[in-house]
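Everything numeric in this text was worked out from a predicted model, so none of it was measured.
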Amino acid sequence: MSNSLLIVESPAKAKTIKKYLGKGFHVLASYGHVRDLIPKTGAIDPDDHFSMKYQLIEKNEKHVDAIKKALKKADTLYLATDLDREGEAISWHLYELLKEDGSLKDKTVHRIAFNEITKRALREAVDNPRELSMPMVNAQQARRGLDYLVGFNLSPLLWKKIQRGLSAGRVQSPALRMIVSREEEIEAFDSKEYWTILADTEKDNKKISSKLRIYNNEKVSQFTINNTELAETAQKSLLSASNGKLVVSKITKKQTKRNPSPPFTTSTLQQEASRKLGFSAQRTMRTAQQLYEGIDIGGGETVGLISYMRTDSLMLSQDALDELRELISNRYGKENLPDEARVFKNKSKNAQEAHEAIRPTSANHIPDQIKSALKPDQFKLYELIWKRTVACQMVQATLDTVAVDLNCGDANQFRANGSTIKHPGFMAVYMEDQDDAETESDNEADDKKKDDDEKFLPELTEGEELRLLEVITNQHFTKPPPRYTEASLVKALEEYGIGRPSTYANIISTLVYREYVENENRRFTPTDMGRIVNQFLTQYFETYVDYDFTARLEDELDSISRGESEWLPLMENFWTPFIKKVEDIDENVSRADVAQSRDVGTDKESGKPITVRMGPYGAFAQIGDKDDEDKPRFASLKPGQKMNDITMDNVYDLFVLPRLLGETDEGEEVSSNVGRFGPYVKFGKFFVSIRKEFQEKGVDPYNIDFETAMILVREKKEFEANKYIKTFDDSEIQVLNGRYGPYITDGNKNAKIPKDREPASLTLAECEALIEAAPERKGKKKKAAKKKVAKKKVAKKKTVKKKNAKKKTVKKKAAKKKTAKKKAVKKKSAD
């Protein structure tokens with residue numbers, strides 16, 4: 001019988017750990033969080049020290065029950081969830097649940113944490129348990145609380161002022177601002193023309209390309225030659241001055257050293273996997289989780305292949321360093337091993353140095369040797385991690401560089417650059433990829449990259465003359481800054497201190513899921529809705545999407561997790577000004593104030609303004625104004641169009657709908673249009689959607705022809721003609737043909753027809769019995785309950801009104817009696 005129960009987060013991890021711990025240990029998974037805030041307003045009470053109301057997560061109830069059952073047979077409980085804040089919080093929530101129902105009575109409880117799933121690491125963790133870290137738990141509660149307070153107060157405001165279903169997140173919103181700001185930079189960018197001039201010379205049948213750097217005794221800057229006329233003049237002048245040759249005036253040789261990149265953190269792994277492998281941050285983290293939790297690499301051996309993948313530390317353990325140095329010496333030779341192990345310092349003040357960098361649990365698990373046991377994504381990511389880790393402990397790469405100045409006459413000079421790798425060192429194993437230059441608005445980055453291309457130059461001597469083959473002029477235009485990729489966005493988030501490495505994947509996926517941004521060709525562009533939400537937040541909640549404010553908040557959460565500060569003051573300082581702002585905007589800002597309509601021009605016929613704006617069901621163009629005597633005309637944008645795409649040249653194309661296509665044989669008008677649920681064809685009182693298979697062939701309401709529309713019309717008519725199998729007088733019950741076959745319905749519930757019965761032979765009594773036995777439609781109970789509650793409320797209000805009315809009547813009668821009595825007394829006195 002097992003006397004120790006150990007709890008981890010995932011079943012895959014539980015399976016691996018069970019193999020290592022063996023008898024005496026029962027290992028179960030919590031399947032992530034077991035408790036969360038109740039999903040409705042009131043889960044946090046700011047007036048009661050931000051007390052939080054938690055509830056058991058329904059989908060994990062069976063896993064908690066399994067833990068309780070297993071705990072009855074155990075003496076000791078080991079909480080072994082992940083070693084970050086989320087993991088600490090999961091352990092605490094489980095501990096609180098078990099304590100509340102008495103499951104922990106007479107049980108010993110330990111918290112253990114480990115950086116890798118290896119036998120040694122697990123035994124070490126079990127032998128050195130600790131207490132739950134309440135500072136880490138409080139930091140997670142504060143983060144969850146802040147996110148809840150923002151979401152449950154800001155999102156309803158977006159619904160009222162813009163569109164239902166929108167949401168605003170505490171860290172997603174600054175990330176959205178980054179993407180929108182970059183797009184605005186691109187749109188506002190003013191491209192400039194510039195020219196580069198190259199000279200091609202030759203020696204020993206090898207072409208040497210050089211770039212003009214001095215022209216007419218002046219150094220050539222980027223915009224020295226900025227039009228075709230200047231370029232052609234320079235070309236003629238240089239050809240004339242050269243007399244068909246360039247003279248080697250100076251040769252500069254030097255040796256440079258290049259150091260390896262440090263081992264991976266969560267952030268750099270996400271960036272490099274994006275650049276080298278094309279992985280999204282979410283795909284990277286999902287695959288890394290699998291490698292961490294354990295893979296069967298053959299022979300029945302399940303092994304955690306990498307250390308914990310949520311870390312911002314660059315540290316490697318001494319055991320790992322010893323193993324890496326031994327592997328490098330044996331596999332790549334002692335000449336590739338530095339005298340001492342490399343130690344990398346983390347620049348981040350919040351780096352958790354108690355963790356390690358992401359590394360292979362054993363460098364001796366060579367990627368190629370275990371490839372057959374890994375899925376393609378697992379192999380690619382593991383190989384990346386393995387190579388980076390091995391390379392970081394190898395010697396520098398040594399490069400020989402040479403710069404050759406070539407005179408063209410007395411007043412002009414070209415320069416040729418070249419380099420060769422003298423000793424590859426770490427480059428034999430791994431080279432880091434680079435992001436797009438973030439400041440390449442003037443294209444210096446592009447030119448520098450071309451100059452620095454590693455190319456061989458033939459042996460040259462000063463004073464040597466080289467035959468000039470040609471002078472080449474190249475026209476360029478400066479480019480705007482590039483749109484963010486996942487790699488560059490993660491890098492920017494890290495640099496600004498927005499979120500933490502473990503949250504980057506979720507930030508990005510949330511923006512895409514909410515349809516605030518699109519990922520086109522691995523570049524992020526904001527949608528119309530993304531722009532509008534961003535504009536609303538930056539205009540009315542600037543503080544809360546400010547990069548510095550968000551970063552300071554993250555620093556404060558880190559401070560709480562280290563036990564340096566308390567979480568309640570942080571919550572109070574955030575909440576008080578935030579809720580005042582929400583209430584102020586709710587009261588004083590109208591939907592019209594945030595509609596962000598854009599003027600397109602003036603209608604040729606009516607002279608009315610043409611605008612484009614966002615509506616409850618998407619973006620649309622409008623001719624006229626709501627205050628006009630005539631009703632304005634509206635038209636939805638075409639699929640793929642954005643509000644900024646609409647101009648006077650294309651706006652009238654939107655107003656061709658509805659298009660009259662013709663008439664059916666029965667004289668019904670056939671037209672096409674776009675509705676709330678997509679493109680459709682209408683005939684008579686019926687609507688039929690334009691099927692996806694037609695849309696995929698390019699058919700839409702703007703180009704559909706009468707013949708194609710009639711295919712849909714005939715199908716709909718045939719369906720309607722065969723829809724009713726049987727109806728019953730004085731009853732709402734019907735037997736109908738549906739998409740998935742015959743069924744019974746009363747308008748509220750649907751019932752299946754028994755396989756042994758002909759649908760047309762069913763009696764009303766049989767149908768009623770089947771409807772009675774059928775399950776409620778999903779959501780119907782809730783809706784019915786809501787309606788019931790609503791009816792009760794209405795009835796209650798009516799009752800209260802009646803009572804109040806009666807009271808008023810009684811009071812009026814009493815007042816009249818009193819007045820009459822007074823009059824009678826006065827009259828008597830007068831008499």
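- In this structure, CD1 in Ile753 is found 5.5 Å from CG in Leu762, a value given to the nearest 0.5 Å.
- A donor-acceptor pair under 3.5 Å links the side-chain atoms of Gln695 to the main chain of Ile690, judged by distance alone.
- No donor-acceptor pair closer than 3.5 Å links the side chain of Lys15 to the backbone N or O of Ser10.
- Although no hydrogens or angles enter the test, the distance criterion places a donor-acceptor pair under 3.5 Å between the side chain of Thr527 and the main chain of Glu515.
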Inset, instruction - For the pair Asp528 and Lys642, evaluate salt bridge (Lys or Arg N to Asp or Glu O under 4.0 Å) and give the outcome as yes or no after the intermediate values. - result: CA-CA 6 Å; Asp528 287 336; Lys642 293 185 178 179; over 6 Å; no

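- Annotation: Tyr513, atom OH; neighbour count of heavy atoms from other residues, nucleotides and ligands within 6.0 Å does not exceed 12.
- Leu661 and Ala709 make their closest contact through CD1-CB, 3.7 Å (heavy atoms, listed as atom of the first residue, atom of the second, distance).
- Among Lys717, Lys685, Lys716, the single residue meeting the salt bridge (charged side-chain N to carboxylate O under 4.0 Å, His left out) criterion with Glu668 is Lys717.
- Under the 3.5 Å distance criterion, the side-chain polar atoms of Asp36 are left unmatched by any main-chain donor or acceptor of Ile57.
- Under a cut-off of 6.0 angstrom, the local environment of NZ in Lys68 is crowded, with over 12 non-hydrogen atoms contributed by other residues, nucleotides or ligands.
- The closest side-chain heavy-atom distance from Ser167 to Leu158 is not below 4.5 Å.
- Between Glu772 and Glu768, the closest side-chain pair of non-hydrogen atoms is not below 4.5 Å.
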Legend entry - Stepwise side-chain contact (heavy atoms from CB on, under 4.5 Å) test for Phe694 and Ile704: CA-CA 9 Å; Phe694 286 124; Ile704 190 169; over 6 Å; no

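- Of the possible polar contacts, none joining the Lys726 side chain to the Pro759 backbone as a donor-acceptor pair under 3.5 Å is found.
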Legend entry - Step-by-step side-chain contact (heavy atoms from CB on, under 4.5 Å) determination, Phe719 to Glu715: CA-CA 6 Å; Phe719 175 79; Glu715 287 175 354; over 6 Å; no

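- The shortest heavy-atom contact between Trp159 and Arg164 is CZ3-NH2, 3.1 Å.
- Nearest heavy atoms, Lys72 versus Lys107: O-NZ, 3.6 Å.
- Two residues are said to be in side-chain contact when any heavy atoms from C-beta on lie closer than 4.5 Å; Ile67 and Val34 fail this criterion.
- For the atom pair CG of Asn673 and CZ of Phe687, the computed distance is 9.0 Å after rounding to the nearest 0.5 Å.
- The backbone N or O of Ala619 sits nowhere less than 3.5 Å from a side-chain atom of Arg613 that would complete a donor-acceptor pair.
- Of all the heavy atoms in Pro754 and Leu770, the pair that sits closest is CD-CD1, 3.8 Å.
- Here the closest non-hydrogen pair linking Val8 and Ala80 is CG1-O, 3.6 Å.
- In this structure, Glu732 places its CD atom where only 12 or fewer heavy-atom neighbours from other residues, nucleotides or ligands lie under 6.0 Å away.
- The structure places CG of Asp147 at 12.0 Å from CZ of Phe152, a figure rounded to the nearest 0.5 Å.
- Around CD of Glu693, the count of heavy atoms belonging to other residues, nucleotides or ligands within 6.0 Å exceeds 12.
- Counting heavy atoms from C-beta outward, Val699 and Pro679 have side chains that stay 4.5 Å or more apart.
- Side chains of Arg757 and Ser761: a donor on one and an acceptor on the other come within 3.5 Å.
- Few gaps surround NZ on Lys13; more than 12 heavy atoms of other groups in view lie less than 6.0 Å from it.
- Looking at heavy atoms from C-beta onward, Met710 lies in side-chain contact with Thr664 at the 4.5 angstrom threshold.
- The 12-atom threshold is not exceeded at OH of Tyr95, counting heavy atoms of other residues, nucleotides or ligands nearer than 6.0 Å.
- Surrounding CD of Glu758 are at most 12 heavy atoms belonging to other residues, nucleotides or ligands under 6.0 Å away.
- With values rounded to the nearest 0.5 angstrom, Ile90 atom CD1 is found 5.5 Å from Ser30 atom OG.
- Rounding to the nearest 0.5 angstrom, the gap separating the CG atom in Asn519 from the OG atom in Ser280 is 8.5 Å.
- Lys638 forms a cation-pi arrangement with Tyr702, by the criterion of a distance under 6.0 Å to the ring centre and an angle within 45° of the ring axis.
- The side-chain heavy atoms of Gln163 and Ile532, taken from C-beta on, include no pair separated by under 4.5 Å.
- Taking the side chain as every heavy atom from C-beta outward, Glu776 and Lys749 approach each other to under 4.5 Å.
- Between Leu149 and Trp575, the closest side-chain pair of non-hydrogen atoms falls below 4.5 Å.
- Although no hydrogens or angles enter the test, the distance criterion places a donor-acceptor pair under 3.5 Å between the side chain of Tyr148 and the main chain of Ala43.
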Inset, instruction - Would you sort out whether Leu637 and Val612 count as a side-chain contact (heavy atoms from CB on, under 4.5 Å), showing the intermediate values? - result: CA-CA 9 Å; Leu637 269 58; Val612 61; 3.9 Å; yes

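- By the neighbour-count criterion of 12 heavy atoms within 6.0 Å, atom CD of Glu58 is sparsely surrounded, having that number or fewer from other residues, nucleotides or ligands.
- Ala66 and Leu28 get closest at one heavy-atom pair: O-CD1, 3.7 Å.
- A tilted orientation is assigned to the rings of Phe541 and Phe578, their planes being inclined by 30° to 60°.
- Separation of atoms CZ (Arg531) and CD (Gln535) is listed at 10.5 Å; rounding is to 0.5 Å.
- Judged by a 6.0 Å distance limit and a 45° cone about the ring axis, Arg514 is not positioned over the six-membered ring of Tyr516.
- Looking at Arg35, its side chain never comes within 3.5 Å of a backbone N or O of Leu94 through a donor-acceptor pair.
- Side-chain N or O atoms of Thr16 include one that pairs as donor or acceptor with a backbone N or O of Glu293 at under 3.5 Å.
- Between the side chain of Asn506 and the main chain of Thr503, no donor-acceptor pair closer than 3.5 Å is present.
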Inset, instruction - With side-chain contact (heavy atoms from CB on, under 4.5 Å) as the test, would you mind laying out the steps for Leu104 and Leu71 before giving the verdict? - result: CA-CA 8 Å; Leu104 294 180; Leu71 192 55; 3.8 Å; yes

